[in-house]
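These numbers were taken from a predicted model, which means no experiment stands behind them. Note that ligands are numbered from 1 as they come in the structure, with each ligand's atoms numbered from 1 the same way.
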Amino acid sequence: MPERIYNFSAGPSTLPEEVLAQAAKDIVNFNNKGMGLIEMSHRSKDFIAVADECEANLRELMKIPANYKVLFLQGGASTQFAMIPMNLLGEGKSATYLNTGVWAKKAIKEAKLFGKVQVAYTSEESTFNHVPKDSDYTVDPASEYLYFVTNNTIYGTQFPAMPKCEKMLIADMSSDILSREFDITPFGIVYAGAQKNMGPAGVTVVIIREDLLDRSPENLPTMFKYKTHADNGSMFNTPPCFSIYVVGLVLKWLKKLGGVAAMEKINKEKAALLYNAIDSSDFYRGHAQPGSRSNMNITFNLPTPELEAQFIKEAAALGMDGLKGHRSVGGCRASIYNAFPKAGVEALVAFMKEFEKKNS
Ligand SMILES: *Cc1c(COP(=O)(O)O)cnc(C)c1O
């Protein structure tokens, strides 16, 4: 087994090797302070500098305007499913949701606890193999917001462009944040669990338009109000220090690489290699419809479940791990987030050709 294998895991997922090497050093002795980063007070000068730099780099990379707050929260992306409607809905208020997969469905379930929910579109009957076009649904004018999931990690679908709509947008970008450029100004909230495309598990980045902070009902528990975290620079209580620090390292790596535009170009190239391999063969079938294909998670099937199991096993023996599809769809899934190297995609494509020759 080589020292580092190609890790196609959907999340937590592969990180840049130089980030891991730096983190390994800093965990023992940070800034020559004689103590490790995770032993330091979150109120220390050193850690505050880490958090500030992380936020500044995220603002720069995503072109986040000054009227948005950047929060580093805990509880995973799943806590946001509830926190968003808890803060923005309530008695008599409603929101529109697009049901494009398991993560959207879970968000819909939570939103129903706090207000009226219109599900304007669902692709469930086709095993979520596509996302809607703007013309496929209507947004109720009474809605507070339109909620959607930009990239559906499990099914391998992605909105090719952000929906255009009169209402403010709210998006779960857990599996494609920082993978492509977009204009954040139509959004009220953008959020992402870090563990797919920007760091380790433990921190959820929430980018929220400032004027929304005063909409929360008075009786919300302190920790569930966005305003609590915004007013305290995400340090109302102890933040997930290590995760924030590693996200900071990943952002520096991304800046060095040329930023989001450069990353987007590489991501398109990587995904095209795999989709070409799928499209040029009758042996492999892509799950996602061509207009909805994700550049992050590439889902595909082989002729039989037995061949899929064998494919996954043989790939793992060659140092390509994590190719098993999510239990709800089966098949194979190659997650090729920002940090996943192009050489790993090339290795998988070569293996696919070999495997097909031997087994068809
Ligand atoms: C993984 C994932 C989640 C769940 O994230 P947690 O941090 O585990 O709660 C939510 N949404 C999307 C799109 C995901 O890929």
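- Ranked by closest heavy atom to atom 9 (O) of ligand 1, the top entry among Gly76, Gly11, Ser78 is Ser78.
- Within the 4.0 Å heavy-atom criterion, neither part of Thr204 lies near ligand 1.
- Side-chain contact check for Asp183 and Thr185: at least one donor-acceptor pair (N or O, by modelled atom type) lies under 3.5 Å.
- With ring centers used as reference points, Phe148 lies 6.0 Å or more from Tyr97.
- With a 4.0 Å heavy-atom cut-off, ligand 1 is reached by the side chain of Phe81 but not by its N, CA, C or O.
- Taking atom 11 (N) of ligand 1 as the reference point, the nearest protein heavy-atom neighbour is Asp172 OD2, 2.6 Å.
- For atom 5 (O) of ligand 1, the closest non-hydrogen atom of the protein is Ala77 CB, 3.4 Å.
- Protein heavy atom at the shortest distance from atom 15 (O) of ligand 1 is Thr153 OG1, 2.5 Å.
- In terms of polar-atom proximity, defined here as any N/O pair under 3.5 Å, Gly75 makes no such contact with ligand 1.
- Counting only N and O atoms by type, the side chains of Glu210 and Asn67 include no donor and acceptor under 3.5 Å apart.
- Distances between N or O atoms of Lys196 and those of ligand 1 include at least one value under 3.5 Å.
- Each of the atoms 13 (C) of ligand 1 lies under 4.0 Å from some heavy atom of Val149.
- Note that Lys109 lies outside the cation-pi zone of Trp103, set by a 6.0 Å cut-off to the ring centre and a 45° limit from the axis.
- Listed by number with element, the atoms of ligand 1 under 4.0 Å from a non-hydrogen atom of Gln195 are 5 (O), 6 (P), 7 (O), 8 (O).
- Defined by atom type and a distance below 3.5 Å, a donor-acceptor pair is missing between the side-chain atoms of Gln80 and Asp172.
- Taking the six-membered ring where the residue is Trp, Phe311 and Phe351 present tilted rings, their angle falling between 30° and 60°.
- Under 4.0 Å is where a charged nitrogen must lie from a carboxylate oxygen, and between Glu314 and Lys358 at least one such pair does.
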